[in-house]
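Accompanying notes for the structure given below.
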Amino acid sequence: MKLGVVVFPGSNCDHDAFHVLHDVLGQPTEWVWHESTHIHHLDAVILPGGFAYGDYLRTGAIASHSPVMGAVKKFARAGGVVLGICNGFQILLESGLLPGAMLRNRRLKFLCRFVHLRVENTATPFTSACRPAQVLKIPIAHMEGNYYADAATVRELERHQQIVFRYATPAGEIVDDEESNPNGALANIAGIANRERNVGGLMPHPERASEPLMGSTDGLVLFQSMIASLVSK
Amino acid sequence: MKARVYVTLKKTVLDPQGQTIHRALAGLGYKSIKEVRQGKVFDLKLDGLSPDQARQQVEQVARDVLTNPVVEEFRYELDE
């Protein structure tokens, strides 16, 4: 098993993701520089949070054209497991590996706080160790997390159960208010997967909720799920 | 040769920045302004291309890089 964490200029959650995979979960993990295309030996690739290339033009736009993303597209099409967290999710959207786009948060503010997520699909490599409808307390930290897709795309996502996480109340109810869906994401969408399930992205930061010191360990289950599904592959 | 590319959010996409600017303008007394939509402008300088080639290239970068077709659209002007 070998996991890779991509480092873009401007990534700032790369060390957190590496720490959780390597130190907390004890998995062989390596860095992947944004100019590298050498990823075929990896079992999974993490696109971490941050502001890749300063988020110039649009969040994730420049990163989606970087050399490593050319390799990640091939890797994903061949069935490789790819998880995008926050900016990593935005990069997956810009790359076309996941459908939709991110708009500014509805109140135009950078939001950094805990949210509650309801697990909508446990049949993905990122949620296989979750209970159905389990509620996870995980923080968000973003300016553009207001998920948008046209109505036809959202219908497709629902039909194929590609919506993996929705913003919810602590009790797991889906309510579109400022408290439980602070960025205004369409249909409370916090995270999705592709139809094949090997590519996933979410705005909240599970790596920031993976040790008791951080106030929540609910994020750990995503990485544990991913590792378990790679082992059983 | 110069090209100017205008990138705007699609009409069907909510523009919270435009709405905020609109509210600010209304607060300043500009009651006749009924809507504000914010966009971006890119000025490109091109060299060594025929006008047809330039149009082709501008359209290509506008489509592939300068806009996200999920939420944005573009138009452009070419100054030969």
Side-chain angles (χ1 to χ4, degrees), chain A residues 52-53 55-66 69-70 73 87 89-111 142-157 176 178 181-187 189 192 194 201, chain B residues 2-28 30 33-47 49 53-78:
Chain A
Y53 298 88
D55 271 349
Y56 294 156
L57 187 61
R58 295 178 306 277
T59 54
I62 309 283
S64 72
H65 295 282
S66 63
M69 284 311 296
K73 282 178 200 169
N87 194 223
F89 184 18
Q90 295 164 335
I91 294 166
L92 289 174
L93 295 173
E94 280 283 344
S95 305
L97 284 171
L98 291 174
M102 286 297 169
L103 299 172
R104 285 262 174 116
N105 297 340
R106 61 173 146 198
R107 293 293 173 220
L108 301 175
K109 285 199 175 112
F110 187 96
L111 297 167
H142 60 246
M143 180 75 155
E144 282 95 359
N146 184 351
Y147 181 84
Y148 175 86
D150 61 31
T153 304
V154 175
R155 272 198 302 277
E156 282 292 292
L157 288 174
D176 182 19
E178 297 264 334
N181 186 25
N183 54 34
L186 195 66
I189 291 171
I192 58 174
N194 62 346
Chain B
K2 290 176 183 171
R4 173 165 279 193
V5 183
Y6 300 86
V7 175
T8 49
L9 283 173
K10 287 179 178 173
K11 284 279 174 262
T12 48
V13 175
L14 198 69
D15 177 12
Q17 291 183 94
Q19 288 179 339
T20 301
I21 296 163
H22 179 232
R23 277 195 295 276
L25 293 176
L28 290 168
Y30 295 99
I33 297 174
K34 295 301 176 203
E35 190 185 13
V36 178
R37 305 277 294 173
Q38 184 175 321
K40 299 176 198 169
V41 171
F42 298 89
D43 284 329
L44 313 179
K45 275 189 196 167
L46 301 111
D47 204 9
L49 300 174
Q53 288 171 323
R55 266 187 279 276
Q56 202 180 348
Q57 203 160 102
V58 169
E59 284 174 28
Q60 194 175 329
V61 298
R63 199 173 47 241
D64 295 348
V65 182
L66 300 182
T67 60
N68 179 334
V70 177
V71 287
E72 294 172 322
E73 55 196 9
F74 71 92
R75 65 186 175 83
Y76 70 96
E77 294 158 0
L78 197 66

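In what follows, every heavy atom counts, from backbone to side chain, and hydrogens, waters and symmetry copies are set aside.
Counting non-hydrogen atoms of other residues, nucleotides and ligands closer than 6.0 Å to CZ of A:Phe110 gives a total above 12. Other residues, nucleotides and ligands contribute only 12 or fewer heavy atoms inside 6.0 Å of the CD atom of B:Gln56.
When each of B:Asn68, B:Thr12, B:Leu14 is checked for a side-chain contact (heavy atoms from CB on, under 4.5 Å) with A:Tyr148, only B:Thr12 meets the rule.
With a 4.5 angstrom heavy-atom cutoff, B:Val65 touches chain A via backbone and side-chain atoms both. Heavy atoms of A:Leu108 lying under 4.5 Å from chain B belong exclusively to its side chain. For B:Lys10, no part lies under 4.5 angstrom from a heavy atom of chain A. Residue A:Arg106 touches chain B through its backbone alone, counting heavy-atom pairs closer than 4.5 Å. At a 4.5 Å heavy-atom cutoff, B:Asp15 makes no contact with chain A through either its backbone or its side chain. For B:Glu72, the part lying near chain A is the side chain, with the backbone staying farther off; criterion is any non-hydrogen pair under 4.5 Å.
Remark: A:Arg107 CZ to B:Thr20 OG1 distance equals 8.5 Å, nearest 0.5 Å.
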Step by step, work out the side-chain contact (heavy atoms from CB on, under 4.5 Å) result for A:Leu93 and B:Val70.
CA-CA 10 Å; A:Leu93 295 173; B:Val70 177; over 6 Å; no

